[in-house]
Amino acid sequence: MKIGNYTLHAIQTGLFRLDGGAMFGVVPKPLWSKTNPADDRNRIDMCMRALLLASEKRKILIDNGIGYKMSQKLNDIYGVDHSEFTLEKSLASAGYKKEDITDVILTHLHFDHAGGSTYLDENGDMKLTFPNATHYLQQKQWEWANNPTERDKASFFPENFDLIHKEKHLNLIEGDYKFDDYIQLHVINGHTPFQQIVTVRDDNNTLLYSADLFPMASHVHIPYIMGYDLFPLTTLEEKKKFLPKIADEDWLVLFEHDPYTETARVRKTEKGFQTIEVVELSKR
Ligand SMILES: [Zn+2]
């Protein structure tokens with residue numbers, strides 16, 4: 001699929017699992033488990049889908065998955081599975097390698113979004129995965145990630161982001177940000193303070209990389225708000241701000257964590273907002 005100068009590639013970086021109850025907040029299990037069945041540890045299947053925007057001049061990656069630095073214990077808890085998809089394999093099938101990436105937009109610094117930013121080389125030294133890229137993050141998310149609360153500190157691992165700052169590959173931005181003629185970053189605060197979601201738009205199409213505002217297609221229903229969100233009522237307001245625009249202007253929404261639905265359009269029906277017309281970017 002093309003928007004403006006950019007060819008869009010969904011980049012599957014790997015699979016993992018999180019507690020189904022935590023993913024759907026106050027929604028009872030008999031409802032959410034119809035679309036997202038849980039395993040014997042109550043975890044649901046999820047993925048970490050980055051997005052590559054490739055033009056002649058720039059190769060922009062939005063988020064980068066969980067990486068390979070987590071302990072065996074954490075990999076087991078989160079069911080991390082790179083047997084089918086990796087960042088490297090998915091970039092290669094789009095025709096690129098990590099060194100080609102010129103810009104990395106980090107929606108926020110939770111480990112399942114930014115963990116792929118660094119890796120340990122064969123000597124055990126920490127390296128930047130994208131040595132030629134400028135990394136864009138909200139200044140205030142940076143401050144939060146370096147000083148999180150007891151409730152969310154298990155989601156921020158300094159080894160994922162310290163080096164980007166140390167090697168001066170980090171561009172800290174403040175507020176909504178026009179990246180170029182087609183790409184715009186929008187700040188939202190319900191999930192974690194100063195997360196940024198991304199629209200890619202031209203005269204014909206708008207795609208929303210919705211990160212953890214709509215992590216999975218089910219979250220298009222307004223009451224489906226993650227237990228992980230620090231400020232769920234803020235998330236509620238943010239969903240009510242974006243959904244009418246998404247439906248009226250026929251945006252495509254990309255779901256970072258939904259293993260079954262890559263991208264969909266959304267309509268308002270008598271039952272509230274619903275996904276319609278599931279779309280795969282590679283088939284357009
Ligand atoms: Zn998150």
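We number each residue from 1, following the sequence as shown. Keep in mind that what you see is a predicted model, and the values were worked out from it rather than measured. Indexing begins at 1, ligand by ligand and atom by atom, following the structure's order. Excluded from the calculations below are hydrogen atoms, water molecules and symmetry mates; all remaining heavy atoms, backbone and side chain alike, are included.
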- [ ] Report the C-alpha distance between Thr86 and Tyr68 in whole Å, list the side-chain angles of each, state the deciding distance to 0.1 Å, and finish with yes or no for side chain to side chain contact (heavy atoms under 4.5 Å, CB included).
- [x] CA-CA 10 Å; Thr86 66; Tyr68 311 104; 3.4 Å; yes

Task: Salt-bridge criterion met for Lys166 and Asp162 (N-O under 4.0 Å) - done: no

- [ ] Determine, for Lys59 against Asp100, whether the closest basic-nitrogen to carboxylate-oxygen distance falls under 4.0 angstrom.
- [x]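 A salt bridge is absent here (no side-chain N lies under 4.0 Å from a carboxylate O).
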
TODO: Quick one: give me the number of protein N/O/S atoms under 2.8 Å from the Zn ion (ligand 1).
DONE: 4

TODO: Specify whether His110 and His108 have parallel, tilted or perpendicular ring planes, treating 30° as the upper limit for parallel and 60° as the lower limit for perpendicular.
DONE: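 Because their plane-to-plane angle is over 60°, the rings of His110 and His108 count as perpendicular.
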
Task: Results of ring pair (Phe, Tyr, Trp, His ring centres under 6.0 Å) for Phe179 - residues two or more places apart only - done: Tyr136

TODO: Please lay out, stage by stage, how Gln138 and Gln196 fare under the test side-chain hydrogen bond (donor to acceptor under 3.5 Å, both in side chains).
DONE: CA-CA 7 Å; Gln138 288 289 322; Gln196 49 190 357; 3.1 Å; yes

